[in-house]
**Student:** 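Pasting in a structure now, in structure tokens, and then I'll have a few things to ask.
Nothing fancy with the numbering, it's 1 onward along the sequence.
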Amino acid sequence: MTNPAVRELLDRSNRLGADPRNTNYAGGNTSAKGSETDPVTGEPAELVWVKGSGGDLGTLTEKGLAVLRLDRLRALTTTYPGVDREDEMVAAFDYCLHGRGGAAPSIDTAMHGLVDAPHVDHLHPDSGIAIATAADGPALTKEIFGDRVLWVPWRRPGFQLGLDIAAAYRSNPQAIGVILGGHGITAWGATSEECERHSREIIETAAAYLKNHGKAEPFGPKRHETLTDRKARAAQLFPILRGLASTDKNQVGHFTDTDVVLDFVNSERMPELAAKGTSCPDHFLRTKVKPMVLDTAPDAPLEDVEKRIKELHAVYREDYRAYYDRHADANSPAIRGADPAIVLVPGVGMFSFGANKQTARVAGEFYVNAINVMHGAESVSTYAPIDESEKFRIEYWALEEAKLQRMPKPKPLATRIAYVTGGGSGIGKAIAQRLAAEGACVIVADRDAENARNAAREIGNSDVAIATTVDVTSADEIQKSIQEAVLAFGGIDLIINNAGLSISKPLLETTEQDWDLQHDVMAKGSFLVSREAARVLIAQGMGGDIVYISSKNSLFAGPNNVAYGATKADQAHQVRLLAAELGAYGVRVNGINPDGVVRGSGIFAGGWGAKRAAVYGVPEEKLGEYYAQRTLLKREVLPEHVANAVFALTGGDLTHTTGLHIPVDAGVAAAFLR
């Protein structure tokens, strides 16, 4: 970074983007103008650095900036073909770039380049959008700001909007910025510090006006009470909702029950206002034009609620298709799916959905922004979002479609949610890491809370992996753990029964306690986890996978191994039994039979290795080599090899396979499946 204007721009952007009162995630853009030496001519070149397409202000770096020549950008005004063809101008921005690298210019580039001010901010603050979406927004803008902030009527983002703002700037030297009807704000300044100050002035002045002049209950009186056990009800509803929201394309979910959301969903006017939809383009591009609203009593019987949800979902899909048909023309992209992205449930909260956890979470955050906007607009006026036809023009904009097409191809397990028992170490940890690497959201379930947390942290943030503490011998703990998983991601698709322990003793030394412990953890534990998870899988109606990490010992009668071998045989037959029972729901149940996983194994590190080494008469540190030499391939089996087999079963190539056991033992002839 060589230009001080860039450093100032990034610092300003990060400060503004760090505060959700200023703008939402990935919303808005900022710019700075300055001079650099043209490496070809050696002469000064006037440039504009502007946040590129798809970036986020709070985390913006220099790589996220598009850099353009101001002379070439402004020369586009002479060739601008008019509003009807302004989409062509985005491609023209590429011919204005200075050098290589950097981000692709966004649709808002024109407003930054055409406004003569050295520094420009375009933001989506809730307070500003509340004024922008008020029915009498122009009069409110005048009342709140005088001639210091101007009103610019709604216009779809693009070159013409840039011309409109530039004209307002030239004609009103006293102004510090504008309210963009239905959209947001734009501010400017001679210095980066002044520009930021002006942005904050607009945001804070609007917020203060709403606070001091707004009526107390813009959503009307409370109609519903929040359920005291709303988390439990949310966990019951989430798999049903996720399955329906995944009718066209599989989705991940996010649940929000903040005070802002509960105040809205419990209010008398929520259905009326929700039906109006959102207004700011950044909002409805992520939330769709309007949410699905559940109209049953919060404490209605679950079976009645489920029936009503399915009815409302069918109506929502019909309405969305009708919306598409009303506005689509021969050049419109194909419909992208008719399922809701936001579902509002009185007494419980909000469910949001997306192609991954971050997208689902951000969709929920954007709808919270929309709630704040509706609250502000209704408190001083009437909420009046942009017309439905304008929403469609943006949602099915050719430029938006091109942006979606540029996104990388999803990973094989994208949208799938994996629950891995014993995931804090050894084989379970390797499985959790592999599934996450292939795109899955992962719940690391382990009796050791610290191991679970560490394993989840190694995988990534809470959009990718979470930890849950569970003793698989306890039905209550499993129920609680599965509920945590559902509330975190919306449901479960892959269940990996991996938790286990090993007791190596001759028959006469095996106690009743040994037998019970071995069977409680693995046979009973796998049964309890599968039973609780199956409730979710059936409610979702999306199929799914249950994988048992069994053992070669489920088939091979090894010495001094009666408790362990018997419980592994129990697990192996559970695979067959559940495959037969759950196939009707599209759930596949398969098993993996590893052998001799010494290195990285929690079981072997816990004393099992020493006991098995003693049985075979080899040093413990040589046990892995010993196991390898007795195999046909003469190769040692590691945790990642088991993880590879789990992915092979769940990654999409074996869609018609169930009831199978895959050996991962480097070839033990005595354990061949017969």
Side-chain angles (χ1 to χ4, degrees), residues 239 242-243 413 416-423 427-428 431-432 435 440 442-443 445 470-479 481-483 485-486 491-500 518-555 564-594 642-643 645-664 671 673-674:
R242 179 180 177 234
L413 296 181
R416 304 201 75 187
I417 302 160
Y419 182 89
V420 184
T421 67
I427 292 173
I431 293 170
L435 297 181
V442 177
I443 300 95
V470 62
D471 180 344
V472 295
T473 67
S474 167
D476 289 342
E477 288 196 24
I478 291 170
Q479 183 181 31
S481 177
I482 294 289
Q483 179 176 304
V486 169
I492 303 175
D493 303 298
L494 314 179
I495 295 88
I496 315 299
N497 278 313
N498 168 76
Q518 190 74 77
H519 281 71
D520 281 350
V521 171
M522 295 199 293
K524 177 185 172 183
S526 296
F527 153 70
L528 291 175
V529 169
S530 296
R531 185 182 67 176
E532 195 62 32
R535 301 186 204 279
V536 178
L537 295 174
I538 292 170
Q540 287 175 160
M542 298 168 64
D545 287 272
I546 300 176
V547 179
Y548 280 67
I549 307 303
S550 184
S551 170
K552 159 273 261 177
N553 289 291
S554 66
L555 298 162
Y564 181 79
T567 197
K568 283 299 182 183
D570 186 316
Q571 285 187 312
H573 199 48
Q574 284 186 39
V575 167
R576 292 183 279 268
L577 292 167
L578 296 188
E581 183 173 345
L582 298 178
Y585 302 102
V587 177
R588 304 179 316 118
V589 187
N590 293 290
I592 294 171
N593 291 343
V642 183
V646 172
F647 175 65
L649 281 169
T650 60
D653 289 336
L654 299 179
T655 57
H656 290 56
T657 299
T658 192
L660 174 70
H661 282 273
I662 296 181
V664 182
L673 296 168
R674 295 178 177 85

**Student:** Just so I know, are the side chains of Asp493 and Arg242 near enough to count as touching, which here means a heavy-atom distance under 4.5 Å?
**Tutor:** yes
**Student:** Just how far is it from atom CG of Leu578 to atom NE2 of His573, taken to the nearest 0.5 Å?
**Tutor:** 10.0 Å
**Student:** Using modelled atom types only, decide if a donor and an acceptor are shared between the side chain of Asn590 and the backbone of His661 within a distance under 3.5 Å.
**Tutor:**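 Between the backbone of His661 and the side chain of Asn590 there is no qualifying donor-acceptor contact (under 3.5 Å).
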**Student:** For side chain to side chain contact (heavy atoms under 4.5 Å, CB included), just list the numbers for Gln518 and Met522, CA-CA rounded to whole Å, side-chain angles, deciding distance to a tenth of an Å, and then say yes or no.
**Tutor:** CA-CA 6 Å; Gln518 190 74 77; Met522 295 199 293; 2.9 Å; yes
**Student:** Have Thr473 and Asp471 got a donor and an acceptor in their side chains that come within less than 3.5 Å?
**Tutor:**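 Asp471 and Thr473 do have a side-chain donor-acceptor pair below 3.5 Å.
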**Student:** Picking from Ile546, Val642, Ile427, Leu435, what satisfies side-chain contact (heavy atoms from CB on, under 4.5 Å) with Ile496?
**Tutor:**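 Running side-chain contact (heavy atoms from CB on, under 4.5 Å) over Ile546, Val642, Ile427, Leu435 with Ile496 returns exactly one hit, Leu435.
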**Student:** How close do Ile478 and Gly525 get, heavy atom to heavy atom, and via which atoms?
**Tutor:** CD1-O, 4.4 Å
**Student:** If you measure from CG on Leu673 to CG on Leu660, what distance do you get to the nearest 0.5 Å?
**Tutor:**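 Spacing of CG (Leu673) from CG (Leu660) equals 7.5 Å.
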**Student:** For Ala523, does its backbone N or O pair with a side-chain atom of Gln574 as donor and acceptor, under 3.5 Å?
**Tutor:** yes
**Student:** Working note: Ile592 + Leu649, criterion side chain to side chain contact (heavy atoms under 4.5 Å, CB included); need CA distance, chi angles, decisive distance, verdict.
**Tutor:** CA-CA 9 Å; Ile592 294 171; Leu649 281 169; 3.9 Å; yes
**Student:** Are any side-chain N or O atoms of Thr655 and backbone N or O atoms of Gly652, one a donor and one an acceptor, separated by less than 3.5 Å?
**Tutor:** no
**Student:** Rounded to the nearest 0.5 Å, what separates atom CD1 in Ile492 from atom CD1 in Ile482?
**Tutor:** 3.5 Å
**Student:** Do the side chain of Arg588 and the main chain of Thr658 share a donor and acceptor less than 3.5 angstrom apart?
**Tutor:** no
**Student:** For a side chain to side chain contact (heavy atoms under 4.5 Å, CB included) check, start with the C-alpha distance between Phe647 and Leu413, then their side-chain angles and the critical distance, and finish with the verdict.
**Tutor:** CA-CA 9 Å; Phe647 175 65; Leu413 296 181; 4.0 Å; yes
**Student:** For the residue pair Gln571 / Ser526, report whether a side-chain donor-acceptor contact shorter than 3.5 Å exists.
**Tutor:** yes
**Student:** Can you list the steps and then say if Asp545 with Arg416 is a side chain to side chain contact (heavy atoms under 4.5 Å, CB included)?
**Tutor:** CA-CA 10 Å; Asp545 287 272; Arg416 304 201 75 187; 2.9 Å; yes
**Student:** Hey, what do you get for NZ (Lys568) to CG (Asn553), rounding to the nearest 0.5 Å?
**Tutor:** 8.5 Å
**Student:** To the nearest 0.5 Å, what is the distance between CG on Asp520 and CZ on Phe527?
**Tutor:**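 CZ of Phe527 is found 12.0 Å from CG of Asp520.
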**Student:** Which of these, Val664, Val420, Ile549, sits in a side-chain contact (heavy atoms from CB on, under 4.5 Å) with Val646?
**Tutor:** Ile549
**Student:** Taking atom types as modelled, find out whether Ser530 and Asn497 have a side-chain donor-acceptor pair closer than 3.5 angstrom.
**Tutor:**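 Result is yes, a qualifying pair exists.
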